[in-house]
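Some notes on the structure that comes next.
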Amino acid sequence: SGFQQVAIPDTSYLQHHGLFDLSWNFLSGSIPTAIGNCIVIVELYLNNNQFSGSIPAELSHLMNLTNLDLSNNDLSGQIPAQLGEAHRLQGLTLAGNQLSGTIPSELSNLGSLVNLNLSGNKLSGSLPGELGNLTALQHLDLSDNDLTGDIPTSWAHMSGILGLYLDRNKLVGVLDEILSTNLIWQEMNTINLSYNSLYGIIPRSLGNLSSLSYLDLHVNGFTGYIPTELGSLAQLLYLDLSCNQLMGEIPLELCSLMDLDFFNASKNNLVGEIPCSGACRNFSAKSFLANEGLCGSVLNVGCQSGRQQGDPLLSTGAILGITVGSTLAVLCLIFMLVRWRMLRQESLSKVDEKRKLNAPLEPNTCLFSSKTKEPLSINVAMFETPLLRLTLGDILRVTNNFCKTNIIGDGGFGTVYKAVLPDGRTVAIKKLGQARMQGNREFLAEME
């Protein structure tokens, strides 16, 4: 009858003090609903058994209950919302079961709750913003479920939180808003947000969590640079930023974290030389794998001076601009060269023509004109001697500028002048008259 008493005398049941512990056995079947009548139970441990079925809502009748551990069983169904009526509850552990459905917002009524562990179930839906009212909560583990949505900003009011485990879910969103206030989570020791779909930059305000010793953000979609403010986390022991899309260099400030035992920044887009001072000397090549832009002694990859390793010398746009500009320059140069050669040839042709015009007549100089076309009106043209190379200047000299004293005849085609060549030969030169053109008949007759 003692278990029916609301108030237990101090001298009674000293052997258990309200502790009901059946953990680590092979108990099976469903949890009896009659346990809800044992109102003197303060701590109930049924963990690590083979219980199945749903969690009895009658457990909320245990008004003195401070700790409830049903973890590592085969319980299914939803978490009873009535558990929010157990106002003295400080520890609620339901991890490692097959629980489904959403997390009841009624759990926010457990004002004395210090530890809430619902990990390793099949819970879905979003994170209840009402849990931000649990100001006494120190450890919140909702890892390894199917939870979605973002982290509620109201959770910033969990002023006493020490450990936050939200890894292996389907969470999205950014961390900027929840970490926008510098005064939150001052006692935070552990943050594990790995294996989600969080994105955006890693907030610099993480550097204000002076008590943080464990930070795991790997396998997300974080972008931007590694905040230099992380170098202010003097108590940091574990830092995993791998499998994101981070860029830039590894901050030298991280090397000042002398207690940092584990660091992983692999599979990002980091560039530059890996620092090798302070705590950075303890990091192995595994910490930096799959970052094509990184270099340094730890990777046995030399760094190129003048630019960051992996950075292209020129952007794609610059290369395209240079290519187009170079092509146009070459085409312009070719055009100018062709034009210059044409002008030069024309100039040389004029100079050569002028030189030939003014050159003196050389004796015995003959010209067999291969380019001279025979007049179409003459069937046969035969010459006993080769044609002479005579310029206009030569003709003017040998005729004394067509002096009248040298006229020896006057025909239908013009006046005939006597001329003596430099070699002594006497020739007749006819000057065509413009006004006495008699046609082709007279010319043919004279040629014959």
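Quick note: numbers below take in every heavy atom, side chains included, and nothing from hydrogens, waters or symmetry partners. Note that the coordinates shown come from a computational prediction; the quantities given were computed from them, not determined experimentally.
Using a 4.5 Å heavy-atom cutoff, the side chains of Lys170 and Asp146 are in contact. Using a 4.5 Å cut-off on side-chain heavy atoms (C-beta onward), Gln98 and Asp74 make contact. Using a 4.5 Å heavy-atom cutoff, the side chains of Leu44 and Leu65 are in contact. No side-chain heavy atom of Leu113 sits less than 4.5 Å from a side-chain heavy atom of Leu107. Counting heavy atoms from C-beta outward, Leu166 and Trp155 have side chains that approach closer than 4.5 Å. A heavy-atom distance below 4.5 Å is found between the side chains of Ile191 and Leu212. Residues Asn47 and Trp24 meet the side-chain proximity criterion, which asks for heavy atoms closer than 4.5 Å. When side chains are defined from C-beta on, Leu294 counts as touching Ile250, because their heavy atoms get closer than 4.5 Å.
Judged by distance alone, the side chain of Asn64 and the main-chain N or O of Ile39 form a donor-acceptor pair under 3.5 Å. Looking at Asn196, its side chain does come within 3.5 Å of a backbone N or O of Ser194 through a donor-acceptor pair. Asn169 places a side-chain N or O within 3.5 Å of a backbone atom of Leu147 that can act as its donor or acceptor partner. With hydrogens and angles disregarded, a donor-acceptor distance shorter than 3.5 Å links the side chain of Asp141 to the backbone of Ser143. Under the 3.5 Å distance criterion, the side-chain polar atoms of Asn269 are left unmatched by any main-chain donor or acceptor of Val271. Looking only at distances, a side-chain donor or acceptor of Asn145 sits under 3.5 Å from a matching main-chain atom of Asn121. No side-chain donor-acceptor contact under 3.5 Å links Asp150 to the backbone of Val172. Checked by atom type and distance alone, the side chain of Asn220 never pairs as donor or acceptor with a backbone atom of Phe222 at under 3.5 Å. Remark: the backbone N or O of Thr93 is not paired with any side-chain donor or acceptor of Ser71 at under 3.5 angstrom. Under the 3.5 Å distance criterion, the side-chain polar atoms of Asn97 are matched with a main-chain donor or acceptor of Leu70.
With no hydrogens or angles considered, no side-chain donor-acceptor pair links Asn48 and Ser23 at under 3.5 Å.
Heavy atoms from other residues, nucleotides or ligands lying under 6.0 Å from OH of Tyr45 number more than 12.
The CD1 atom of Ile202 sits 7.5 Å away from atom CG of Leu215, with the distance rounded to the nearest 0.5 Å. Here CG of Leu239 is found 12.0 Å from NE2 of His218. Values are rounded to the nearest 0.5 Å. Distance SG/Cys280 to CD1/Ile274: 9.5 Å, rounded to 0.5 Å. Annotation: the span from Asn268 atom CG to Ile226 atom CD1 amounts to 7.0 Å, rounded to 0.5 Å. Summarising the geometry, atom CG belonging to Leu193 is positioned 12.0 Å from atom CG belonging to Asp240; distances are rounded to the nearest 0.5 Å. Atom CZ of residue Phe288 and atom OG of residue Ser266 lie 9.5 Å apart, to the nearest 0.5 angstrom.
Summarising the geometry of Met247 relative to Leu270, their closest heavy-atom pair is O-CD2, 3.5 Å, with the distance given to 0.1 Å. Across all their heavy atoms, Trp185 and Leu209 have their closest contact at O-CD2, 3.3 Å. When all heavy atoms of Gly231 and Leu254 are compared, the pair lying nearest together is N-CD2, 4.2 Å. The shortest non-hydrogen separation linking Ile161 to Gly163 is CD1-O, 3.6 Å. When all heavy atoms of Met158 and Leu131 are compared, the closest pair comes out as CE-O, 3.1 Å. Between Pro203 and Pro227, the shortest heavy-atom contact is O-CG, 4.1 Å.
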Exercise for the section: Evaluate the side chain to side chain contact (heavy atoms under 4.5 Å, CB included) criterion for residues Phe26 and Asn49: first the C-alpha distance (whole Å), next the side-chain angles of each, then the deciding distance (0.1 Å), finally the verdict. Expected result: CA-CA 5 Å; Phe26 295 97; Asn49 280 286; 5.5 Å; no
Practice task
I would like to know whether Ser277 and Leu252 meet side chain to side chain contact (heavy atoms under 4.5 Å, CB included); could you show each step before the answer?
Solution key: CA-CA 8 Å; Ser277 61; Leu252 185 61; 3.7 Å; yes
Practice task
Would you please test Leu171 and Leu198 for side chain to side chain contact (heavy atoms under 4.5 Å, CB included) and show each step?
Solution key: CA-CA 6 Å; Leu171 301 177; Leu198 301 171; 4.2 Å; yes
Problem - CA sep, side-chain torsions, deciding dist, call: Leu62, Leu68, side chain to side chain contact (heavy atoms under 4.5 Å, CB included) - result: CA-CA 10 Å; Leu62 302 176; Leu68 174 61; over 6 Å; no
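In this structure Phe283 satisfies the ring pair (Phe, Tyr, Trp, His ring centres under 6.0 Å) test together with Phe263, sequence neighbours excluded.
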